[in-house]
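Remarks on the structure that follows.
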Amino acid sequence: MAVAIKKWVIGNWKLQGSQVFNKELVEGIRASLPALDNRVGMSVCPVFPYLIQLADLLAGSSMVLGAQTLSEHAKGAYTGEVAGPMLKDVGVALVLVGHSERRAYQGESNELIGKKVRAALDAGLLPVLCIGETKQERDAGETRSVLTGQLDAVLSLLDLAKEDMVIAYEPRWAIGTGVSASPEMIAEVHGFLRSYLIGKAAAFGARTPLLYGGSMNGSNADSIAAIKDVDGGLIGSAALKADEFVAIYQAVLACA
Ligand code: 13P
């Protein structure tokens, strides 16, 4: 699946929501943004049980339905898992893979995350690969090697001439803390990621959207969206408030 959209604002709802809450949130977003600009995609990623409700709520809108993870298997005796073809079947188009909370709490390894990205592509879903370093890794000067390790485990399984994904850089220490990485740090890492990917395959590296995630909100979105090689955001808590999420979308659109 080719990435037709170069910039994205994606809401990761994590383990939150209810049918009433979801409806109010989506209606709030759609009321303030009746039409999206086709240069910037918007997606929301609820927990699995609400995907079908969201598919209904998003009908007639160009907002994209996303999921928060998937199984590395397409089907079989894997109790509790959800497979890519099933996500596709209920209207999902995009899936987060390797979020730091899954790496930390579910023990997802780079190897498993590679298999999940492969499973997403095989099911016709757009994977959003999440990468990021811990505070200790940053302090030890290991940021670049951690990120390239996370990338390499996945890139080696892709046909970079034909296949696409979105990459979200989310420094773990900036997630859910209310303090985003500084614009200098973001610029440094995104510039590095861009040149690393171009070094792997020029066209792939140039076209892959690079999102920032970690305490991005309506107040800091203008300055983050304006950074070179930042192609939008992966948003946690601010994605649960319609006005904040819309403000972030508008900030990214202003830089498109
Ligand atoms: P916060 O925006 O709440 O820091 O979460 C970021 C994130 O983890 C998005 O995937």
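Since we're looking at a predicted model, the values are computed, not measured. Indexing begins at 1, ligand by ligand and atom by atom, following the structure's order.
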Considering both backbone and side-chain atoms of [X], is one of its nitrogen or oxygen atoms within less than 3.5 Å of a nitrogen or oxygen in ligand 1?
{"X": "Glu101", "answer": "no"}
{"X": "Ala238", "answer": "no"}
{"X": "Ile175", "answer": "no"}

Does ligand 1 have an atom under 4.0 Å from some heavy atom of Gly214? yes
request  = For Ser215 and ligand 1, answer yes if some heavy atom of the residue is under 4.0 Å from a ligand atom, otherwise no.
outcome  = yes
Against heavy atoms of [X], which atoms of ligand 1 measure under 4.0 Å?
{"X": "Leu234", "answer": "9 (C), 10 (O)"}
{"X": "Ser237", "answer": "1 (P), 2 (O), 3 (O)"}
{"X": "Lys14", "answer": "5 (O), 6 (C), 7 (C), 8 (O)"}
{"X": "Glu170", "answer": "6 (C), 7 (C), 8 (O), 9 (C), 10 (O)"}

Verify, without hydrogens or angle tests, whether Tyr249 (side chain) and Val40 (backbone) share a donor-acceptor contact under 3.5 angstrom.
yes
Would you say Asn220's side chain and Ser215's backbone share a donor-acceptor pair under 3.5 angstrom? yes
Next on the checklist: So that I can tick it off, tell me whether Arg138 and Glu142 are bridged by a salt bridge, with the cut-off set at under 4.0 angstrom between side-chain N and carboxylate O.
Outcome noted: no
- prompt: Is the closest basic N to carboxylate O distance between Asp231 and Arg194 below 4.0 Å?
  reply: yes
side-chain hydrogen bond (donor to acceptor under 3.5 Å, both in side chains) with Glu101: of Arg172, Gln68, Lys14, only one passes, and it is Lys14
Open item on the list: So for atom CG, which belongs to Leu157, do other residues, nucleotides or ligands contribute more than 12 heavy atoms lying within a distance under 6.0 Å?
Closed with: yes
The protein heavy atom nearest to atom 2 (O) of ligand 1 is Gly236 N, 2.9 Å
If the plane angle is over 60° it's perpendicular, under 30° parallel, otherwise tilted; pick one for Phe21 and Trp13. perpendicular
